[in-house]
Amino acid sequence: EVVVIGYGTQKKMNLTGSVATISAENIATIPVSNISNAMAGRMPGIFSYNKSGMPGVSSPITIRGVNTPNNTNPTYVIDGVVREKADFDALDPNTIENISVLKDAAASSIYGSRAPFGVVLVTTKSGKSGRPVINYNNSFRFNTPIKMPKMMNAWEYVNYYDEAMFNKNSTHYYTEEYKQKVKDYVDGKLAPNDVAEAQGNGKWNYDYTWGNVDWLQEYYRNWSTAQEHNASISGGTEKFTYYMSANYLGQSGFMRYGTDHNKRYNLTGKISAQITDYVKVDYSTRYSRTDYDRPSILWNDFYNNVLRRCRPVRPLKDPNGYYMSDINYIEALQNGGRQNEINDGLSQQVRITITPLKNWNIIGELNIKTDNNWTHYEHKRVYSHMANDPEKTYVATMTGPSEDKVYEYAYKSLFLNPNVYTNYDITLGQHTIAATAGMQIERQKYRDVSAQRADMISTDLPVLNLTTSSQSYGISGVVQEW
């Protein structure tokens with residue numbers, strides 16, 4: 001068995017470093033959205049876990065330094081080119097031939113200071129000589145959330161919470177009259193909309209409502225869907241081979257209101273030509289796009305806030321039939337604005353291999369990677385309705401933004417990486433001697449620009465040109481090259 005190890009291959013039986021591998025056959029049988037999730041539990045010595053149920057979120061991978069603070073990410077190398085974790089996650093799993101993980105210092109030493117926490121090497125599929133082979137496969141998936149807490153009903157909640165507060169300071173938090181209202185509502189003795197009473201300021205008394213809602217069941221669906229389609233064609237002759245592949249992945253999230261969606265598109269092409277007995281030329285190109293759309297509020301502390309505010313006594317709507325936006329996120333999820341992130345990546349590689357003598361290869365290659373990323377989000381204010389005059393509204397700042405705002409971000413980068421290296425090996429009896437030498441140059445240039453401004457003229461057209469604020473705005477940009 002041959003294993004990829006940095007700038008070459010080696011028989012597994014001759015390995016002295018610690019290397020783990022997973023093959024294309026194993027990867028193809030795992031219905032996951034990205035490769036990071038496929039590695040969890042399938043490679044010895046690799047620590048990985050699925051940290052979120054959001055579509056498109058990948059699993060972090062740790063090889064060494066699990067308890068080390070700060071960055072412990074391994075280095076990712078795709079077809080010989082050092083890339084970022086995002087490029088690894090954007091790969092179409094169907095195009096991967098093999099993944100090798102260099103775990104110890106001996107195995108990853110060729111990458112120097114870049115690889116203190118290991119190296120993940122990815123080799124993608126190439127064409128094989130023979131008749132054209134056309135493949136198409138698809139999968140339709142259903143995902144379910146796990147470890148969802150079982151919530152108390154409103155009557156159980158007020159009794160347990162009241163007892164806890166009494167044990168804390170010898171004072172009951174809820175009156176007997178209030179608890180009786182809660183019990184009557186749970187028992188069905190009150191009208192469905194009899195859930196709250198007005199305060200002196202004209203708003204609903206949100207601290208002492210008596211609804212009965214399982215908020216985790218209300219916010220989250222019991223399942224979400226995903227579908228993936230892949231088509232490829234490969235073939236060739238003894239001197240010319242080709243491989244082409246296209247992939248689409250679509251996922252939806254678990255949120256019942258304003259659900260998030262993730263889409264991934266991949267196009268891959270490879271050709272290989274044996275020009276002469278001594279010269280071989282390879283060209284490969286890979287394009288990927290990820291498109292993630294979600295409610296603008298669905299980020300950062302949202303899940304923490306949901307759990308803090310999901311008291312079962314809090315109703316879905318007020319007695320007048322409007323969402324209680326001061327204490328639930330339904331209106332913010334549906335109408336509080338959306339965020340859209342689109343990331344485009346194009347990788348190209350040209351490689352020339354010269355073999356002047358048997359077992360002696362001189363390799364020159366040029367790698368080019370361009371990235372174009374764009375992010376847009378808008379914040380739209382959501383409103384609550386007054387209790388006694390429901391036509392009057394006010395901004396619900398507890399669950400939504402305090403101002404209407406538009407934000408735009410654009411990023412563009414170019415990465416150039418010429419490599420020249422040579423390797424030679426010779427077998428003497430039962431011994432094999434191998435040597436590798438080479439050089440590489442890396443150059444990257446990128447720029448980004450961002451702008452934001454508040455006060456939209458129309459929330460139906462959330463663009464920067466239709467914002468008016470002279471106080472709440474900002475613009476920034478960066479250009480870097482190394």
Side-chain angles (χ1 to χ4, degrees), residues 1-4 9 21-40 42-43 55-56 58-59 76-81 83 86-101 120-143 225-252 262-274 280-291 343-351:
E1 184 180 354
V2 175
V3 178
V4 178
T9 60
T21 62
I22 184 171
S23 64
E25 290 77 13
N26 292 327
I27 295 172
T29 61
I30 307 168
V32 293
S33 59
N34 57 57
I35 297 301
S36 298
N37 296 337
M39 295 175 65
R42 292 173 176 89
M43 304 181 77
S58 67
S59 302
Y76 295 88
V77 181
I78 303 172
D79 287 335
V81 185
R83 297 308 307 150
D87 300 299
F88 177 74
D89 291 331
L91 285 173
D92 172 11
N94 297 279
T95 63
I96 293 178
E97 182 69 31
N98 177 274
I99 299 177
S100 296
V101 178
V120 178
L121 297 173
V122 180
T123 304
T124 58
K125 293 179 180 177
S126 300
K128 297 179 181 179
S129 61
R131 294 181 302 173
V133 177
I134 300 175
N135 286 310
Y136 170 76
N137 59 73
N138 60 57
S139 66
F140 298 89
R141 310 164 192 165
F142 295 90
N143 305 306
T225 60
Q227 60 174 310
E228 185 172 9
H229 302 268
N230 179 267
S232 66
I233 180 172
S234 63
T237 65
E238 292 296 328
K239 293 187 177 292
F240 179 83
T241 60
Y242 60 90
Y243 175 86
M244 290 179 288
S245 173
N247 175 269
Y248 166 77
L249 171 70
Q251 302 170 275
S252 62
N262 182 64
K263 299 177 182 178
R264 188 192 68 207
Y265 307 86
N266 293 91
L267 293 173
T268 302
K270 275 190 173 185
I271 58 174
S272 178
Q274 189 73 46
K280 181 182 178 183
V281 177
D282 298 282
Y283 172 75
S284 66
T285 181
R286 183 173 58 254
Y287 168 78
S288 67
R289 163 174 278 203
T290 58
D291 185 345
N343 301 323
D344 292 310
L346 177 63
S347 299
Q348 300 180 81
Q349 183 183 75
V350 179
R351 176 184 294 170

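Source: prediction; values computed, not measured.
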Report task. Walk me through it: do Tyr76 and Val122 pass the test side chain to side chain contact (heavy atoms under 4.5 Å, CB included)? Result -> CA-CA 8 Å; Tyr76 295 88; Val122 180; 6.0 Å; no
Requested in this report: Determine, stepwise, if the pair Asp282 / Ser284 fulfils side-chain hydrogen bond (donor to acceptor under 3.5 Å, both in side chains).
Outcome: CA-CA 7 Å; Asp282 298 282; Ser284 66; over 6 Å; no
Query - Evaluation steps, side chain to side chain contact (heavy atoms under 4.5 Å, CB included), between Asp92 and Ser245 - result: CA-CA 9 Å; Asp92 172 11; Ser245 173; 3.7 Å; yes
Requested in this report: Before giving the answer on side chain to side chain contact (heavy atoms under 4.5 Å, CB included), spell out for Leu91 and Arg286 the whole-Å C-alpha distance, their side-chain angles and the decisive distance to 0.1 Å.
Outcome: CA-CA 9 Å; Leu91 285 173; Arg286 183 173 58 254; 3.4 Å; yes
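Note: Thr95 OG1 to Ile35 CD1 = 7.5 Å, rounded to the nearest 0.5 Å. The CZ atom of Arg351 sits 9.5 Å away from the OG atom of Ser272 when rounded to the nearest 0.5 Å. Distance NZ/Lys263 to CD/Gln251: 12.0 Å, rounded to 0.5 Å. To the nearest 0.5 Å, the span separating CZ on Arg289 from CG on Leu267 amounts to 11.0 Å. Tyr287 OH to Leu346 CG: the interatomic distance, rounded to the nearest 0.5 Å, is 8.5 Å. Atom NZ of residue Lys270 and atom OG1 of residue Thr268 lie 8.5 Å apart, to the nearest 0.5 angstrom.
Heavy atoms only, all atoms of each residue included: Thr290 and Arg264 are closest at CG2-CG, 4.0 Å. The two residues Ser288 and Asn266 have their closest heavy-atom pair at CB-ND2, 3.5 Å. Residue Ser129 comes nearest to Glu238 through the heavy atom pair OG-OE2, 3.6 Å, listed as atom of the first residue, atom of the second, then distance. When all heavy atoms of Ser126 and Tyr243 are compared, the closest pair comes out as C-CB, 3.9 Å. Heavy-atom minimum distance, Ser252 versus Pro55: C-CG, 4.1 Å. Smallest separation of non-hydrogen atoms from Ser36 and Phe88: OG-CE2, 3.6 Å.
For the residue pair Glu228/Asn247, the side-chain donor-acceptor check at 3.5 Å is satisfied. Between Thr124 and Asp79, the side chains place a donor N or O and an acceptor N or O closer than 3.5 Å (distance only, hydrogens not considered). When only modelled atom types and interatomic distance are considered, Ser232 and Asn230 share no side-chain donor-acceptor pair under 3.5 Å.
When side chains are defined from C-beta on, Tyr283 counts as touching Thr285, because their heavy atoms get closer than 4.5 Å. Using a 4.5 Å heavy-atom threshold, the side chains of Leu249 and Arg141 count as touching. A heavy-atom distance below 4.5 Å is found between the side chains of Phe140 and His229.
Summarising the local packing, NZ of Lys125 is surrounded by more than 12 heavy atoms from other residues, nucleotides or ligands at distances under 6.0 Å.
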